[in-house]
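For the single chain, residues carry numbers from 1 onward in sequence order. This structure is a prediction, so every number in the text was calculated from the model and none was measured. Note: hydrogens, waters and symmetry copies are ignored here, and every other heavy atom, side chains too, is used.
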Amino acid sequence: MKTAYITEQGATLRRDGPVLQVWTGKKRITELLVHDLDQLVLMGNIMITPAVLDFLIAERVDTVFMSIHGRFRGRLMHEHSKNVRLRLAQYQQLQTPGVALALAQRLVRGKILNTRAFVLKAARRMGGDSELAEAAARLLAMAERLAEMKTLEQVRGCEGRASAVYFGIFGRLLKHPDFTFTDRNRRPPLDPVNVLLSLGYTLLANAVETAIQIVGLDPYLGALHEIAYGRPSLVCDLMEEYRSVIVEPMVVACINQRSFAAGDFESAGEGEPVRFKRAALKWFVELFERRLRGTILYPPRGQRLTYRQVIEEQVRRCARVLLGTEAVYEPFLIR
């Protein structure tokens, strides 16, 4: 999938035949050939002409609207998936308590084991950090207890405790004096590390929702996350196993390799939201896209796939479980 991000504030998209032109004032800054484009992400104050809007719909280009700070705002909807049978199976299966519980257990298990693998890798890199090793052991114990849990509330509680353990040691992974982490905060994020995490999770959620739309599932009905008005619960469910595979290693690497400095962020004062400066935002988005284009071995197919392809393969696996053609959802696990 080819995705283009437009981050230039005040830019206008115009159409010239099959080409989208990005203008700021009287200056044309880039062009995009629509036939090569699968997804267009517009971040912040970006204007599109009626001709462009009509063209994007006609060409079925997935168009996503985000705030300048990376918050998802909406999506240009095309025709719904025609796979009614799949959506009906999703509604029936995920309202069956045993099915929802089993799926939630597998999703949380995948999240915890991938988090543990990331922590263990960091511990080895840091010469056997004992606090990281202890956290990894606690995470493994939590993952092993999941199968004994009888209710969704217990599974959610386990997921919450695992997150608390993980974010309790996350600051130890950072080796840049300008960046510290004490706890996870969001809506709005109050420090640069949480800004990086929040934007990474938002971009990841967009990638997962795109895969869900491609496969034809309803993004608003999941198993682990309860139904809530306006919340894409299935997206929240299916992105869990990739947080410590895609986003968190990237954030740690960005900080430790000094891709960002404290001056790349701005705040109105203590207790106020911290935000990216424009150039830093653009750079982070580019790094995230590079990450999604990176490849990794996908064992079920015995070949290397991009992370974006892995996400879609896993959504298809979830669909097969809901249709009853595959018995158990196996999360994607890293070593």
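The line from CG of Leu20 to CZ of Arg14 is 12.5 Å long, rounded to the nearest 0.5 Å. To the nearest 0.5 Å, atom CG of residue Asp237 and atom CG of residue Leu94 are 8.0 Å apart. Distance OG1/Thr49 to CZ/Phe55: 11.0 Å, rounded to 0.5 Å. Atom CD1 of Ile212 sits about 8.0 Å away from atom SG of Cys318, to the nearest 0.5 Å. Summarising the geometry, atom CG belonging to Leu292 is positioned 13.0 Å from atom CZ belonging to Arg290; distances are rounded to the nearest 0.5 Å. From Gln154, atom CD reaches atom CD of Gln105 across 9.0 Å, with rounding to the nearest 0.5 Å.
When hydrophobic clusters are built by joining Ile, Leu, Val, Met, Phe, Trp and Tyr residues whose side-chain heavy atoms come closer than 4.5 Å, directly or via intermediates, Val193 is grouped together with Leu287. Under the 4.5 Å side-chain contact rule for hydrophobic residues, Trp283 and Phe179 share a cluster. Using a 4.5 Å cut-off between side-chain heavy atoms of Ile, Leu, Val, Met, Phe, Trp and Tyr, with links allowed through other members, Met47 and Val41 fall into different hydrophobic clusters. There is a path of hydrophobic side-chain contacts, each under 4.5 Å, that joins Tyr329 to Tyr91. At a threshold of 4.5 Å between side-chain heavy atoms, the hydrophobic network of Ile, Leu, Val, Met, Phe, Trp and Tyr places Tyr298 and Leu333 in two separate groups.
Ring geometry for Phe265 versus Phe260: interplanar angle of 30 to 60°, hence tilted. Between Phe170 and Phe181, the ring planes are perpendicular. Angles over 60° get that label, and only those under 30° would be called parallel.
Residues forming a side-chain hydrogen bond (donor to acceptor under 3.5 Å, both in side chains) with Arg184 (at least two apart in sequence, or on another chain): Asn194, Ser198. Checked against side-chain hydrogen bond (donor to acceptor under 3.5 Å, both in side chains), Thr7 has no partners two or more places apart in sequence or in another chain.
A salt bridge is absent between Arg317 and Glu330; no separation between the charged side-chain nitrogens and carboxylate oxygens falls under 4.0 Å. A salt bridge between Arg138 and Glu134 is absent, with no side-chain N of the basic residue lying under 4.0 Å from a carboxylate O of the acidic one. For the pair Arg308 and Glu289, the salt-bridge criterion is met [side-chain N within less than 4.0 Å of a carboxylate O]. We find that Glu144 and Arg109 are not joined by a salt bridge, their nearest charged nitrogen and carboxylate oxygen being 4.0 Å or further apart. Salt-bridge annotation for Glu153 and Arg156: present, with a side-chain N of the basic residue lying under 4.0 Å from a carboxylate O of the acidic one.
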**Study point:** Test side chain to side chain contact (heavy atoms under 4.5 Å, CB included) applied to Leu33 and Glu31, step by step
**Key:** CA-CA 7 Å; Leu33 185 60; Glu31 291 185 342; over 6 Å; no
Point to revise | Audit row: Tyr220, Ser233, side chain to side chain contact (heavy atoms under 4.5 Å, CB included) steps and yes/no | key: CA-CA 5 Å; Tyr220 288 89; Ser233 296; over 6 Å; no
Exercise for review: For Phe284 and Phe276, run ring pair (Phe, Tyr, Trp, His ring centres under 6.0 Å): C-alpha distance rounded to whole Å, both residues' side-chain angles, the deciding distance at 0.1 Å, then the answer.
Suggested key: CA-CA 9 Å; Phe284 185 84; Phe276 270 113; 5.7 Å; yes
**Study point:** Verdict with reasoning, Ile112 to Cys158, per side chain to side chain contact (heavy atoms under 4.5 Å, CB included)
**Key:** CA-CA 10 Å; Ile112 295 177; Cys158 181; 4.1 Å; yes
Exercise for review: Could you check Val208 against Gln314 for side chain to side chain contact (heavy atoms under 4.5 Å, CB included), going step by step and ending with a plain yes or no?
Suggested key: CA-CA 10 Å; Val208 172; Gln314 287 296 105; over 6 Å; no
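Within the 4.5 Å cutoff, the side chain of Glu209 has heavy atoms near those of the Arg75 side chain. Leu13 places none of its side-chain heavy atoms less than 4.5 Å from the side chain of Gln21.
No more than 12 heavy atoms of other residues, nucleotides or ligands shown are found within 6.0 angstrom of CD1 on Ile227.
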